[in-house]
Amino acid sequence: MKRAAIDPFFATLAAANPHPVSELEYTSVFELLVAVLLSAQATDVGVNKATRRLFPRANTPQRILALGLDALTESIRTIGLYRNKARHLMATCALLVERHGGQVPRERAALEALPGVGRKTANVVLNVAFGEPTMAVDTHVFRVANRTGLAPGRDPLQVEQGLLRRVPAAYLLHAHHWLILHGRYVCQARRPRCEACTVARWCDAGPPAMRD
DNA sequence: ATCCCGAGGG
DNA sequence: CCCTCTGGAT
């Protein structure tokens, strides 16, 4: 993708999604952290199904610790990788209580020190909960950035650096959600819906007939 | 590089 | 059947 195309690319996505909100359901920073931790290799629909069972039973670190590993595991059993996620979440809750007064920390290093929390999850929490201009690179962002030529890279970190360099500052705060929504509903993995795509004219993979 | 791992779509 | 889904730990 040409550099001059990047601004109109995001302006078009922004116009289509005036309020780019996560489709994950949460009512606190801690619930956001849990939802994102559970979202690894899972759909938002699947995450919401699990958190609708879990949060009424326990939606604070203390309550999850009190719930116990077995009950926690049972509560999220419908989601993929659920045993690892339950173990990680339990350990994360223990750390939050021991080191952070039961609060979700705002520092990247502290976030990434939590079991089950890697760079992508930390970037989401920093961006969505604390308003920092980070770029979380998940499967959608990775695919869209590569396919369109917006920010090509072999691994997520490389794509993240490319996006931080290339995405205009005005769009940086919401670029994460725009790229996810675009990837989920238009630029799908199996069969990208180029015929319905509003930014195909700037896309490296767009049909030649639709390109500038 | 490999493992984890259910649900939904094609 | 196969692939994909807002990855992280070993």
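Just so we're on the same page: letters track the sequence lines, and every chain starts at 1. All values derive from a computational prediction rather than experimental measurement.
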Do A/Leu150 and A/Leu179 make a side-chain contact, defined as non-hydrogen atoms from C-beta onward lying under 4.5 Å apart? yes

Determine the interatomic distance between P on B/dA7 and the same-named atom on C/dG8; round to the nearest Å. 22 Å

Within-4.5 Å side-chain heavy-atom neighbours: A/Met135 and A/Val159: no

Using heavy atoms and a sub-4.0 Å distance, could you list which residues of residues 149-172 of chain A are near DNA chain C? By number, please. none

Using the heavy-atom set of chain A and a strict 4.0 Å cut-off, write down the first and last nucleotide of DNA chain B that makes it in, 5' to 3'. B/dC4 to B/dG9

Pick the closest DNA chain C nucleotide for A/Arg190 and for A/Val124 by heavy atoms, then say which residue is nearer the 5' end. A/Arg190

Quick one, A/Val141 and A/Leu163 - any side-chain contact, counting heavy atoms below 4.5 Å? yes

Any side-chain to backbone donor/acceptor pair from A/Glu31 onto A/Thr27? Under 3.5 Å, distance only. yes

Counting distance only, does the side-chain N/O of A/Asn17 pair as donor-acceptor with the main-chain N or O of A/Leu13 below 3.5 Å? yes

Closer than 4.0 angstrom, basic N to acidic O: yes or no for A/Arg119 and A/Glu160? yes

Check the orientation of A/Trp178 and A/Phe10. Use parallel for under 30°, tilted for 30 to 60°, and perpendicular for over 60°. tilted

Report which part of the nucleic acid A/Ala42 touches: base, sugar-phosphate, or nothing (heavy-atom distance under 4.0 Å, all strands). base

So A/Trp202 and A/Ile6, do their side chains get closer than 4.5 Å, heavy atoms only? no

Do any of residues 18-29 of chain A sit with a heavy atom less than 4.0 Å from DNA chain B, and if so which? none

Would you say the side-chain atoms of A/Thr92 pair up with the backbone N or O of A/Leu89, donor to acceptor, closer than 3.5 Å? no

With heavy atoms of chain A within less than 4.0 Å as the criterion, where does contact along DNA chain C begin and end? C/dC2 to C/dA9

Are A/Val97 and A/Gln62 side-chain neighbours, meaning at least one heavy-atom pair lies under 4.5 Å? yes

So, do A/Phe30 and A/Cys93 sit near enough that their side-chain heavy atoms are less than 4.5 Å apart? yes

Which residues, if any, of residues 106-122 of chain A bring a heavy atom under 4.0 Å of DNA chain C? A/Leu114, A/Pro115, A/Gly116, A/Val117, A/Gly118, A/Arg119, A/Lys120, A/Thr121

Distance between the C1' atoms of B/dA1 and C/dT6, in whole angstroms? 23 Å

N/O donor-acceptor pair under 3.5 Å between A/Asp204 side chain and A/Arg147 backbone: no

Run the salt-bridge test on A/Asp44 and A/Arg184 with the 4.0 Å N-O cut-off and return the result as yes or no. yes

May I ask you to test the A/Leu164-A/Leu172 pair for a side-chain heavy-atom distance under 4.5 Å? yes

Where along residues 77-94 of chain A does a heavy atom fall under 4.0 Å from DNA chain B? A/Arg77, A/Thr78, A/Ile79, A/Gly80, A/Leu81, A/Tyr82, A/Arg83, A/Asn84

Within the side chain of A/Arg57, is there an N or O that forms a donor-acceptor pair under 3.5 Å with the backbone of A/Leu72? no

For the CD atom on A/Glu23, are there more than 12 heavy atoms of other groups (residues, nucleotides or ligands in this structure) within a distance under 6.0 Å? yes

Tell me whether A/Asn146 contacts the main-chain N or O of A/Gly153 through its side chain, where contact means a donor paired with an acceptor under 3.5 Å. yes

Using a strict cut-off of less than 4.0 Å between a Lys/Arg side-chain nitrogen and an Asp/Glu carboxylate oxygen, indicate whether A/Glu74 and A/Arg53 qualify as a salt bridge. yes

